[in-house]
Protein chains: 2
Amino acid sequence: MAQETINQILDAAEDKARTGGYNAFSFREIAKDIGIKSASIHYHFPTKADLAAQLARRYTEKFHTHLLSISESGNDLHQQLSDYANLFYQALRTDQKMCLCGLFAAEMNVLPDDVKKETRLFFETNLQWLETLLNSHEIDNPKNEALKLLAKMEGAMLMAKAFESEDYFQEAIDLSQYK
Amino acid sequence: MAQETINQILDAAEDKARTGGYNAFSFREIAKDIGIKSASIHYHFPTKADLAAQLARRYTEKFHTHLLSISESGNDLHQQLSDYANLFYQALRTDQKMCLCGLFAAEMNVLPDDVKKETRLFFETNLQWLETLLNSHEIDNPKNEALKLLAKMEGAMLMAKAFESEDYFQEAIDLSQYK
DNA sequence: GTCTATAATTTGATAGAC
DNA sequence: GTCTATCAAATTATAGAC
C-alpha cells in the first residue's frame, strides 16, 4: 500500500520537525528511520517544501478533527477550553515535543511559500474555532479573545520547552476567567 | 580592534538566527556579510556552539540592561509592564524578527548544551525581574503571574510571526488587568 | 515504487603561511 | 588576526535500472 509508506514518511518527518524545525529533518534521516532509501521519498514528495507543506496540512487536519470533537461534546465553555488546552498539553506530554506549527511559525521567514501558507492555516483554523466557541457563549470581543487564547497556548508551550518541563505549560495556562 | 570584529560577527549571526534559528546561520554566510573569511570566525569562536552560546548571552545581557532601566524609572506597575511589552514589540517592529531566545527555546531539543543553558538563562532573568516587580506591587502569586506574562509575550510574538504582521502582537497583549 | 549511483552545493572545522 | 587551501560529512535532488 502506497499510503502506508507516505504515512510512515510523514510520521518520521513530523517527529524530527517538531524537535528542531524545518532544518531538523532530512530525506536521508527519514529514509533510514523507516528502512527505505531517500530517493524513494522523492517519489512521494518531489521536494522538501512539498513534504513540509503536507506535514503542516496533515497536522492541521488532525488538530481540526479534535476541535470538532470538542465542539460536539456540548460541554460548557470552561470545559471546552480546558479540553482545548489539553490538546496542546498532550502533544507536549506524550511526545515531549513542541507544536509543529508553533515551531514553523517561529521560523516563518525561512519557510518555502507553500509551507508558510499551510502553517498560517493552522492558526486561522484555531482562531476560527475559538471565535465561534466564544461567540456562542456571548463573550465580548470573541475575535480578540480567541487571539489571546491561542497566543496563551503557544506561549505556554514555549515556556515548557524553555524550562524543559511540561509543568510550566499547566502553570502558564489559567482559564479561571471563563468559569 | 578585536572586539569590533567580534561584534560584527555577533550582529550578523543574530540577524540570521532570529530569522530561522540555530540552523539558519553559517560561518560562511556571516563571513561573507562582514567581508572576512569563515576561518577567521573560528579564531574568535572555535565552534558554532560557542558562537551561539555567546549570541544568547549577549542577547540576554542587553535585554537585562533594558529591564533595569525600566525598573529605575519608578513608574507605576501598568506603565512598567507596558514598557516591558514594548521591548518585545520593538524587536518585532524594527527588526521584523522573532525574539532570539524564543526561537531557540522552540528548538531546545537540538541545541548544544551551552546554548541551551544560555537560552534558559534569558527566561530565568525575565521571570526574576517580573516577579520582583509584581511582588513590589503586592500582586498575588507573583511567581505564577510572572510566568503567565512571559508566556504572553512570547506567545504574542509567535502570533505576529504566524500572521506576518506586528499588529497581532499588540492585539494579543492585554495588560488592562494591571491598571 | 524502490533501488543504485551520482551530481552539485553547503556545512563545520583544521593546518599552516603570513 | 586573517588568510588560502582543504577535508570529511551532509544536504537536496535527479537519472536510469529493476
Side-chain angles (χ1 to χ4, degrees), chain A residues 1-56 103-104 107 109-116 118-119, chain B residues 1-58 103-104 107 109-116 118-119:
Chain A
M1 193 69 145
Q3 191 57 43
E4 181 51 28
T5 303
I6 289 177
N7 284 337
Q8 280 182 298
I9 293 169
L10 290 172
D11 286 345
E14 181 176 316
D15 185 72
K16 293 178 192 317
R18 284 179 57 195
T19 298
Y22 186 77
N23 289 308
F25 68 97
S26 71
F27 281 72
R28 272 179 174 77
E29 261 189 304
I30 295 169
K32 197 173 184 182
D33 279 5
I34 64 178
I36 59 174
K37 296 293 168 181
S38 70
S40 305
I41 300 182
H42 282 283
Y43 171 80
H44 298 286
F45 305 96
T47 67
K48 186 172 180 177
D50 290 324
L51 174 49
Q54 290 253 43
L55 210 56
L103 222 165
F104 276 177
E107 300 175 326
N109 292 330
V110 295
L111 296 181
D113 280 346
D114 286 358
V115 187
K116 242 186 227 183
E118 293 296 338
T119 299
Chain B
M1 194 68 144
Q3 191 57 42
E4 181 51 29
T5 303
I6 289 177
N7 285 336
Q8 280 182 297
I9 293 169
L10 290 172
D11 287 345
E14 182 176 314
D15 185 72
K16 292 179 193 316
R18 284 178 58 195
T19 299
Y22 186 77
N23 289 309
F25 68 97
S26 71
F27 280 73
R28 273 179 175 74
E29 261 189 302
I30 295 168
K32 198 173 183 182
D33 279 5
I34 65 178
I36 59 173
K37 296 293 168 180
S38 70
S40 305
I41 300 182
H42 281 283
Y43 171 80
H44 298 287
F45 304 96
T47 68
K48 187 173 180 177
D50 290 324
L51 173 50
Q54 291 253 42
L55 209 57
R57 173 180 286 250
R58 188 184 72 154
L103 223 165
F104 276 177
E107 300 175 327
N109 292 330
V110 294
L111 295 181
D113 280 345
D114 286 358
V115 187
K116 242 186 226 183
E118 293 296 338
T119 299

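Throughout, protein chains are lettered first and strands after them, A, B, ... in sequence-line order, and every chain is numbered starting at 1.
Between A:S40 and the phosphate of C:dC3, there is a side-chain N or O to OP1/OP2 separation shorter than 4.0 Å. Taking only side-chain nitrogens and oxygens, B:Y43 comes nearer than 4.0 Å to OP1 or OP2 of D:dG1. Between D:dT2 and B:H44, a contact under 4.0 Å exists linking OP1 or OP2 to a side-chain N or O. An OP1 or OP2 oxygen of D:dT2 is reached within less than 4.0 angstrom by a side-chain nitrogen or oxygen of B:T5. At the phosphate of C:dC3, neither OP1 nor OP2 sits under 4.0 Å from any side-chain N or O atom of A:K37.
Look at CD on B:E29: it is 9 Å from P on C:dT10, rounded to the nearest Å. If you take NZ of A:K16 and C1' of D:dT11, they are 15 Å apart, rounded to a whole angstrom. Across the protein-nucleic acid pair, A:I30 atom CD1 and D:dT11 atom C1' stand 12 Å apart, rounded to whole Å. Distance CD1 (B:I36) to C1' (D:dC3): 11 Å, rounded to an integer number of Å. A:I34 has its CD1 atom 9 Å from the P atom of C:dC3, to the nearest Å. The distance from atom CD of A:Q8 to atom P of C:dT2 is 9 Å, rounded to the nearest whole Å. Between the NZ atom of A:K32 and the P atom of C:dC3 there is a distance of 15 Å, rounded to whole Å. Remark: C1' of C:dT4 and NE2 of A:H42 are 14 Å apart, rounded to the nearest angstrom.
With B:H44 as the partner, the side-chain contact (heavy atoms from CB on, under 4.5 Å) test is satisfied by one option alone out of B:T5, B:I36, B:L10: B:T5.
With axes fitted over five pairs at each extremity, the angle between the ends of the helix from C:dG1-D:dC18 to C:dC18-D:dG1 is 0° (10° resolution).
Heavy atoms from other residues, nucleotides or ligands lying under 6.0 Å from CZ of B:R58 number more than 12.
At least one test fails for A:K37 against the ring of A:Y43: distance under 6.0 Å to the centre or angle within 45° of the axis.
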For this session: Decide side-chain contact (heavy atoms from CB on, under 4.5 Å) for A:F104 and A:E118; before the verdict, give the C-alpha distance in whole Å, the side-chain angles of both, and the deciding distance to 0.1 Å.
Result: CA-CA 10 Å; A:F104 276 177; A:E118 293 296 338; over 6 Å; no
Exercise. Can you list the steps and then say if B:L51 with B:F25 is a side-chain contact (heavy atoms from CB on, under 4.5 Å)?
Worked result: CA-CA 10 Å; B:L51 173 50; B:F25 68 97; 4.0 Å; yes
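Annotation: of the two residues near DNA chain C, B:A39 and A:R28, the 5′-most nearest-nucleotide partner is A:R28.
The distance from the OG atom of A:S38 to the CD1 atom of A:I9 is 10.5 Å, given to the nearest 0.5 Å. Here CD1 of A:I41 is found 10.5 Å from CD of A:Q8. Values are rounded to the nearest 0.5 Å.
As judged by a 4.0 angstrom heavy-atom cut-off over every strand, B:F25 is placed among residues touching the sugar-phosphate backbone only.
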